[in-house]
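In what follows, a structure is listed as structure tokens, so that the remarks can point back to it.
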Amino acid sequence: MDREAKNEKEENDREREKGVAAMVACYQGFDPAAYLQYNYMPPRADFDRQDSIVPWKLGCLHRAFTEGDMGGDVLVDVGSGPTLYQVLSGCEVFDTVFLTDFLEVNRQELRRWLQGEGYSSLDWTPYLQHVCKLEGRRPSAWTEKAARLRSVVSDILPIDVHLPRPLHPDSQLPTAGADCLVSCFCLESVSPDLASFTRALGHIRGLLRPGGHLLLIGALGESYYMGGPGVRIPVVPLDEAQVCASVRASGYTLVRLEVYTLPQGMMVGVDDVTGVFFVKARKP
Ligand SMILES: C[S@@+](CC[C@H](N)C(=O)[O-])C[C@H]1O[C@@H](n2cnc3c(N)ncnc32)[C@H](O)[C@@H]1O
Ligand SMILES: O=[N+]([O-])c1ccc2c(c1)CN[C@@H](CO)C2
């Protein structure tokens, strides 16, 4: 690499580090309870509304986890935040689940749920009941599903998707890697730009064994969201083509893309998201 190219690379690296550091600063005010209130209560989480976002997400995850092409023991959720919906189907398929997040406040929120009912900021019962219905079980089986999830969560780990190795080396992940990754509204919400989003996809790919699957849910057309009162967090605005290109450029085979377009009733003033994507991909 000649001197000029080396200088340009060093400048780009410095810019990238500044962008990532700025994102870290944005997240210092993240408020798990407020975030749950904004996004995981009606109308966005209304199980009686055909056009509600959360039932659409749960349907995508249920189909992806139960269509018969997944196997193994270990599921890792990347950037869990204070939410559990993303592993309610997967916990029936995998015997070991790792939840992960960058912030201790979110890891603490998840630990509170693990302690038992009534300790967490949101009542996840309607979610558990809805996924039981998707599985053809009676809604009252939600207590069995809650017990199953509590039994398979192996640890709640710190993670940073901007590191080439996002998890700490002694995180007890199998050497070969996880059998499945799920990640929802994380990478585009923590990356300063598209290149960083794509790089983070590459970093988490290293957590996955060859032949393992990635289930990715994220925001389309979003430039910011509120992570709490007065906590405005910038987001990389993505379109479908960029999502597919980044998934492929970071070394996955795209299995399918599903897209949800927000109706007016789902725009509640906490972000400017216009759609949600669901990607099922595979590490060759
Ligand atoms: C929009 S929230 C998504 C939460 C949840 N997965 C969901 O589906 O609602 C983004 C999450 O990314 C986490 N995060 C922030 N910086 C991160 C980083 N560098 N690496 C991994 N996660 C990060 C935040 O703490 C937050 O929980
Ligand atoms: O409607 N939802 O289910 C929902 C859930 C979480 C989030 C959004 C929408 C949109 N903003 C992202 C942050 O980038 C977080």
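When a ligand or atom number is given, it counts from 1 through the structure's own listing order.
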Per-atom contacts of ligand 2 with D271, taking only distances under 4.0 Å to non-hydrogen atoms: 10 (C), 11 (N)
Identity and distance of the protein heavy atom lying nearest atom 15 (C) of ligand 2: Y35 OH, 3.3 Å
Which residue and heavy atom of the protein sit nearest atom 19 (N) of ligand 1, plus the separation: D160 OD1, 3.0 Å
Stacked cation flag R232 on Y224, 6.0 angstrom / 45 deg: yes
N or O pair under 3.5 Å between Y27 and ligand 1: no
Closest protein heavy atom to atom 5 (C) of ligand 2, given as residue, atom name and distance to 0.1 Å: Y40 OH, 3.3 Å
ILVMFWY network linking M23 to L103, side-chain heavy atoms under 4.5 angstrom: yes
Minimum-distance protein heavy atom relative to atom 14 (O) of ligand 2: E222 OE1, 2.5 Å
Contact atoms of ligand 1, heavy-atom distance to I159 under 4.0 Å: 20 (N), 21 (C)
M23 contact mode with ligand 1 (heavy-atom cut-off under 4.0 Å): neither
Heavy-atom closest pair, residues A249 and T198: CB-CG2, 4.3 Å
Those atoms of ligand 1 less than 4.0 Å from some heavy atom in H162: 19 (N)
K57-ligand 1 polar pair, N/O distance under 3.5 Å: no
Interatomic distance, L238 atom CG to E188 atom CD [nearest 0.5 angstrom]: 6.0 Å
A200, portion touching ligand 1 at heavy-atom distance under 4.0 Å: neither
Flag side-chain contact, heavy atom, 4.5 Å: C186 against V190: yes
Atom indices of ligand 1 within 4.0 angstrom of G79 heavy atoms, with elements: 4 (C), 5 (C), 6 (N)
For V54, atoms of ligand 2 separated by under 4.0 Å from a heavy atom: 3 (O)
R111 side chain to Q108 side chain, donor-acceptor N/O pair below 3.5 angstrom: yes
Contact atoms of ligand 2, heavy-atom distance to N39 under 4.0 Å: 3 (O), 4 (C), 5 (C), 6 (C), 7 (C), 8 (C), 9 (C)
D101, portion touching ligand 1 at heavy-atom distance under 4.0 Å: side chain
Ring center gap for Y85 and Y40 short of 6.0 angstrom: yes
Distance filter under 4.0 Å to G81 heavy atoms, resulting ligand 1 atoms: 4 (C), 27 (O)
Heteroatom distance test (V161, ligand 1): nitrogen or oxygen, under 3.5 angstrom: yes
Neighbour count above 12 (heavy atom, 6.0 Å) for R165 CZ: no
Ring geometry between Y225 and Y35 (parallel below 30°, tilted from 30 to 60°, perpendicular above 60°): perpendicular
Where G228 and D31 come nearest, the two heavy atoms and their spacing: CA-CB, 4.0 Å
Nearest-contact summary for atom 23 (C) of ligand 1 - protein heavy atom, Å: F102 CB, 3.3 Å
Residue and atom name of the nearest protein heavy atom (relative to atom 16 (N) of ligand 1), distance in Å to one decimal: V190 CG1, 3.4 Å
Nearest-neighbour protein heavy atom for atom 8 (O) of ligand 1, which is reported as residue plus atom name and distance: Y85 OH, 2.6 Å
Side-chain donor-acceptor pair present, S80, D101, cut-off under 3.5 Å: no
Distance (rounded to the nearest 0.5 Å) between Y260 OH and C60 SG: 11.0 Å
Heteroatom distance test (Y225, ligand 1): nitrogen or oxygen, under 3.5 angstrom: no
Side chains of S121 and E109, donor plus acceptor under 3.5 Å: yes
Nearest-neighbour protein heavy atom for atom 7 (C) of ligand 1, which is reported as residue plus atom name and distance: Y40 OH, 3.3 Å
Qualifying residue, where the test is ring-ring contact (aromatic ring centres under 6.0 Å, His included) with H130 and the options are F47, W56, W124, W142: F47
Pair D170, H168: side-chain N/O donor-acceptor within cut-off below 3.5 Å: yes
For atom 5 (C) of ligand 1, the protein heavy atom that lies nearest, with its residue and separation: S80 O, 3.1 Å
From CG (L157) to OG1 (T100), nearest 0.5 Å: 7.0 Å
Atoms of ligand 2, numbered as shown, that sit under 4.0 Å from any heavy atom of S189: 13 (C), 14 (O)
Protein contact of atom 1 (O) of ligand 2 - nearest heavy atom, named by residue and atom, plus distance: I53 CD1, 3.0 Å
Protein contact of atom 3 (O) of ligand 2 - nearest heavy atom, named by residue and atom, plus distance: K57 NZ, 3.1 Å
Nearest neighbour in protein (non-hydrogen) for atom 10 (C) of ligand 1: F185 O, 3.5 Å
Closest to atom 22 (N) of ligand 1 (judged by heavy-atom distance), picking from S196, S183, C186, S189: C186
